[in-house]
Amino acid sequence: MLSLDFLDDVRRMNKRQLYYQVLNFGMIVSSALMIWKGLMVITGSESPIVVVLSGSMEPAFHRGDLLFLTNRVEDPIRVGEIVVFRIEGREIPIVHRVLKIHEKQNGHIKFLTKGDNNAVDDRGLYKQGQHWLEKKDVVGRARGTDTVDSVIPPANSGTVELRNCVPLKKFVPYIGIVTILMNDYPKFKYAVLFLLGLFVLVHRE
């Protein structure tokens, strides 16, 4: 019934009004893209905001939690922090905790990750033959959280390991559940986008 009302409004609009509403819709989309690009510049991350898609980081994060990321070049990777990283061959980034860092004598750093709710580390998720991640694999590091970590640096090994940590506070809990629904149900995504576009076209305020 609501969709029929929208269609009736579209039919009653003259060409000038329709062009104006299309232009208005384009401005909204352009503004959103500009804001996103601005956040990318400010945070240094290609994805300043991400949604947690699985339960591998519970109880720190749950599905649908929204995370704000930064990825400044000068910030070192630390044991215990939450990183979002890409794996070759996987389209969707992974949100896990840094479990161990290995620093070579030349200062080059590699690190190992693990989900808090997983029994083993992430080596099984990495591409074949890969045992460590590098900073180039990182999309961003979670911010807006509190953590307390204890680490044990084994003597003369150049490796720092996570011993224990306090679970992180959520940045924005569960607000990203709509994104999960749209990812799991493509028809729902298209319906939401269609209704939003239609609303903008017929809204005259």
Side-chain angles (χ1 to χ4, degrees), residues 29 32-33 35-40 42-72 75 77-101 111-127 130 132-149 161-197 199:
V29 173
L33 289 174
I35 292 172
W36 184 258
K37 290 293 184 181
L39 286 174
M40 289 174 63
I42 293 171
T43 62
S45 173
E46 63 184 77
S47 296
I49 300 173
V50 298
V51 175
V52 178
L53 298 179
S54 75
S56 64
M57 279 301 295
E58 293 179 359
F61 299 127
H62 295 81
R63 292 189 76 207
D65 288 352
L66 200 67
L67 304 182
F68 182 75
L69 307 181
T70 61
N71 194 26
R72 299 184 181 90
D75 291 344
I77 300 290
R78 296 183 176 88
V79 167
E81 73 174 333
I82 304 298
V83 295
V84 179
F85 57 91
R86 291 189 184 277
I87 297 297
E88 186 177 329
R90 289 177 176 263
E91 184 178 347
I92 300 176
I94 299 172
V95 182
H96 279 176
R97 190 188 301 277
V98 176
L99 177 68
K100 185 186 298 185
I101 290 178
F111 59 95
L112 178 66
T113 55
K114 177 182 175 295
D116 289 358
N117 200 30
N118 292 346
V120 297
D121 60 47
D122 290 343
R123 286 191 172 107
L125 299 176
Y126 303 161
K127 69 178 181 179
Q130 182 179 7
W132 301 85
L133 294 175
E134 300 180 23
K135 199 167 184 179
K136 64 180 178 61
D137 300 313
V138 176
V139 175
R141 278 83 70 78
R143 294 295 181 250
T145 57
D146 296 323
T147 113
V148 178
D149 299 315
E161 298 181 30
L162 177 68
R163 183 170 61 187
N164 58 65
C165 65
V166 173
L168 296 174
K169 297 179 180 178
K170 302 175 183 66
F171 180 64
V172 183
Y174 300 114
I175 200 170
I177 198 69
V178 175
T179 300
I180 293 178
L181 290 175
M182 290 194 294
N183 185 66
D184 292 345
Y185 305 100
K187 290 182 179 179
F188 175 74
K189 175 176 66 177
Y190 296 135
V192 170
L193 294 176
F194 174 76
L195 290 175
L196 286 175
F199 175 76

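As the structure is a prediction and not an experimental result, all values here were calculated from the model.
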Tell me, with the steps shown, if Leu133 and Leu112 meet side-chain contact (heavy atoms from CB on, under 4.5 Å).
-> CA-CA 6 Å; Leu133 294 175; Leu112 178 66; over 6 Å; no
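- Using modelled atom types and a 3.5 Å distance limit, the side chains of Ser56 and Asn118 yield no donor-acceptor pair.
- From Asp75, atom CG reaches atom CD of Glu81 across 8.5 Å, with rounding to the nearest 0.5 Å.
- Between Val95 and Phe85, the closest side-chain pair of non-hydrogen atoms is not below 4.5 Å.
- Atom CD1 of Ile94 sits about 8.0 Å away from atom OH of Tyr126, to the nearest 0.5 Å.
- The distance from the CZ atom of Arg141 to the CG atom of Leu67 is 14.0 Å, given to the nearest 0.5 Å.
- For the pair Thr43 and Leu69, the minimum side-chain heavy-atom distance is 4.5 Å or more.
- Here the straight-line distance linking atom CE of Met57 with atom CG of Asn117 works out to 9.0 Å at 0.5 Å rounding.
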Would you check, one step at a time, whether the test side-chain contact (heavy atoms from CB on, under 4.5 Å) holds for Leu99 with Thr113?
-> CA-CA 5 Å; Leu99 177 68; Thr113 55; 5.9 Å; no
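- With contacts defined as side-chain heavy-atom distances shorter than 4.5 Å, the pair Asp116/Phe61 does not qualify.
- Residues Asp122 and His96 are in side-chain contact: their nearest non-hydrogen atoms beyond the backbone lie under 4.5 Å apart.
- Across all non-hydrogen atoms, the minimal contact from Arg72 to Lys135 is O-NZ, 4.0 Å.
- Of all non-hydrogen atoms in Ile49 and Phe68, the two that sit nearest each other are CG1-CD1, 4.2 Å.
- Looking at Val79 and Phe111, their side chains never come closer than 4.5 Å, going by heavy atoms from C-beta outward.
- Within the 4.5 Å cutoff, the side chain of Lys100 has heavy atoms near those of the Trp132 side chain.
- The shortest distance between side-chain heavy atoms of Asn71 and Val84 does not fall below 4.5 Å.
- Shown here is Arg86, whose CZ atom has more than 12 heavy atoms of other residues, nucleotides or ligands within 6.0 Å.
- Put simply, CD1 on Ile42 and CE on Met40 are 12.0 Å apart, with the number rounded to the nearest 0.5 Å.
- Considering CZ of Arg97 and CD1 of Ile82, their distance stands at 4.0 Å, rounded to 0.5 Å.
- In this model, no donor atom of one side chain and acceptor atom of the other lie less than 3.5 Å apart for Ser47 and Ser45.
- Using a 4.5 Å heavy-atom cutoff, the side chains of Val51 and Asp65 are not in contact.
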